[in-house]
S.K.: 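Below are the structure tokens for one structure; questions will follow.
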Amino acid sequence: MTTTVLVPLDGSDKDERALPAAVALADLAGGDLHLIRVLDTPIDSLSPRGQGLGVADAVREIRSDMEESVRGIADRLMADTGRPVTAEIAEGFDVARVLVNRATERGTEL
């Protein structure tokens with residue numbers, strides 16, 4: 001089984017500083033990278049009033065931008081390293097809990 005390194009991203013400049021460390025860890029472990037970013041305003045949690053005011057559309061646009069960004073980072077890392085890189089956007093109010101749950105569900109080792 002291949003080792004997976006879960007790499008949480010938040011869209012800040014810190015992401016670019018953390019990625020080389022994640023790649024180095026994956027190199028040491030002979031593993032794959034899985035990038036994850038958490039949208040902390042789940043679309044299905046919006047009230048009917050919020051949906052009626054266009055909030056759902058705004059959240060969908062934010063999610064789309066996140067997906068594009070994370071996918072771009074994954075594509076760049078694959079090209080730079082030749083290593084398999086997967087990516088996802090997860091949703092949940094408690095970002096830390098979402099990350100722990102996704103790591104557990106995926107059987108992530110690092």
Side-chain angles (χ1 to χ4, degrees):
M1 186 165 132
T2 303
T3 298
T4 301
V5 178
L6 184 77
V7 185
L9 304 173
D10 66 4
S12 72
D13 292 340
K14 291 180 279 193
D15 290 350
E16 290 303 316
R17 294 193 306 266
L19 289 170
V23 169
L25 187 57
D27 284 342
L28 288 171
D32 299 339
L33 294 166
H34 180 71
L35 309 180
I36 183 169
R37 185 146 175 219
V38 178
L39 176 64
D40 61 359
T41 307
I43 294 170
D44 62 357
S45 71
L46 298 174
S47 70
R49 181 166 170 79
Q51 291 179 10
L53 293 172
V55 175
D57 292 336
V59 173
R60 280 189 199 90
E61 186 173 331
I62 291 168
R63 182 184 173 91
S64 177
D65 290 346
M66 289 171 118
E67 288 171 344
E68 184 177 328
S69 172
V70 172
R71 183 76 258 152
I73 293 168
D75 291 345
R76 184 183 50 145
L77 286 175
M78 280 192 290
D80 290 350
T81 67
R83 177 171 305 292
V85 181
T86 55
E88 76 170 300
I89 303 299
E91 294 186 18
F93 292 111
D94 185 340
V95 174
R97 183 178 312 242
V98 170
L99 293 173
V100 169
N101 288 344
R102 289 301 294 140
T104 301
E105 291 165 7
R106 292 182 56 84
T108 303
E109 293 86 6
L110 301 168

S.K.: Minimum heavy-atom separation for Ala22 and Leu33, please, with both atom names.
M.R.: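 What the structure gives for the nearest pair is O-CD2, 3.6 Å.
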
S.K.: Inspect the surroundings of CZ in Arg76 and state if more than 12 heavy atoms from other residues, nucleotides or ligands are less than 6.0 Å away.
M.R.: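 Counting neighbours around CZ of Arg76, more than 12 heavy atoms of other residues, nucleotides or ligands fall under 6.0 Å, so yes.
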
S.K.: Using the rule that two of Ile, Leu, Val, Met, Phe, Trp, Tyr join whenever any of their side-chain heavy atoms come within less than 4.5 Å, decide whether Leu99 and Leu25 are in one cluster.
M.R.: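 No, it is not one cluster - the side chains of Leu99 and Leu25 are not joined through contacts under 4.5 Å.
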
S.K.: Using 0.5 Å steps for rounding, measure from the CZ atom of Arg37 to the CD atom of Glu88.
M.R.: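 These two atoms lie 13.0 Å from each other.
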
S.K.: At their closest point, which heavy atom of Ser12 faces which heavy atom of Asp10, and how far apart are they?
M.R.: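 Smallest interatomic distance, heavy atoms only, reads OG-OD1, 2.6 Å.
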
S.K.: Is it the case that atom CD in Glu61 sees more than 12 heavy atoms from other parts of the structure closer than 6.0 Å?
M.R.: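 Result for CD/Glu61: open.
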
S.K.: Show the nearest heavy-atom pair for residues Arg63 and Leu39, with the distance to one decimal.
M.R.: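 Here Arg63 and Leu39 meet closest at CB-CD2, 3.9 Å.
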
S.K.: Hey, are the side chains of Arg106 and Ile36 touching, using non-hydrogen atoms and a 4.5 Å cut-off?
M.R.: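 Of all side-chain heavy-atom pairs linking Ile36 with Arg106, none is under 4.5 Å.
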
S.K.: Less than 4.0 angstrom from a charged side-chain N to a carboxylate O is my criterion; do Glu68 and Arg71 meet it?
M.R.: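 Between Arg71 and Glu68 there is no salt bridge, as every charged N stays at least 4.0 Å from the carboxylate O atoms.
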
S.K.: When hydrophobic residues are tied together by side-chain contacts of less than 4.5 Å, even through go-betweens, does Val38 share a cluster with Val7?
M.R.: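 Hydrophobic grouping puts Val38 apart from Val7.
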
S.K.: Is it the case that one hydrophobic cluster holds both Ile89 and Leu77, taking links as side-chain heavy atoms less than 4.5 Å apart, direct or via other members?
M.R.: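 Yes: a chain of side-chain contacts under 4.5 Å links Ile89 to Leu77.
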
S.K.: For Glu109 and Gly107, which heavy atoms make the closest approach, and how far apart are they?
M.R.: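 Closest approach of Glu109 to Gly107, heavy atoms only: OE2-O, 3.2 Å.
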
S.K.: Please report the shortest heavy-atom distance between Ala90 and Val98, naming the atom on each side.
M.R.: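 Closest approach of Ala90 to Val98: CB-CG1, 3.6 Å.
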
S.K.: Do Ile73 and Val85 belong to the same hydrophobic cluster, where Ile, Leu, Val, Met, Phe, Trp and Tyr are linked whenever their side-chain heavy atoms lie under 4.5 Å apart, directly or via other members?
M.R.: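 Yes.
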
S.K.: Using the rule that Ile, Leu, Val, Met, Phe, Trp and Tyr join whenever any side-chain heavy atoms are under 4.5 Å apart, tell me whether Leu110 and Leu35 fall into a single cluster.
M.R.: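 In one cluster with Leu110: Leu35, yes.
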
S.K.: Give, for atom CZ of Arg102 and atom NE2 of His34, the distance between the pair rounded to the nearest 0.5 Å.
M.R.: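 Taking CZ in Arg102 and NE2 in His34, the distance rounds to 5.5 Å.
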
S.K.: Okay, side chain of Thr104, backbone of Val100: is any donor-acceptor separation there less than 3.5 Å?
M.R.: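 Judged by distance alone, yes, a pair lies under 3.5 Å.
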
S.K.: How close do Arg83 and Met78 get, counting heavy atoms only, and between which atoms?
M.R.: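 Answer, listing the atom of Arg83 first, then Met78: O-CG, 3.3 Å.
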
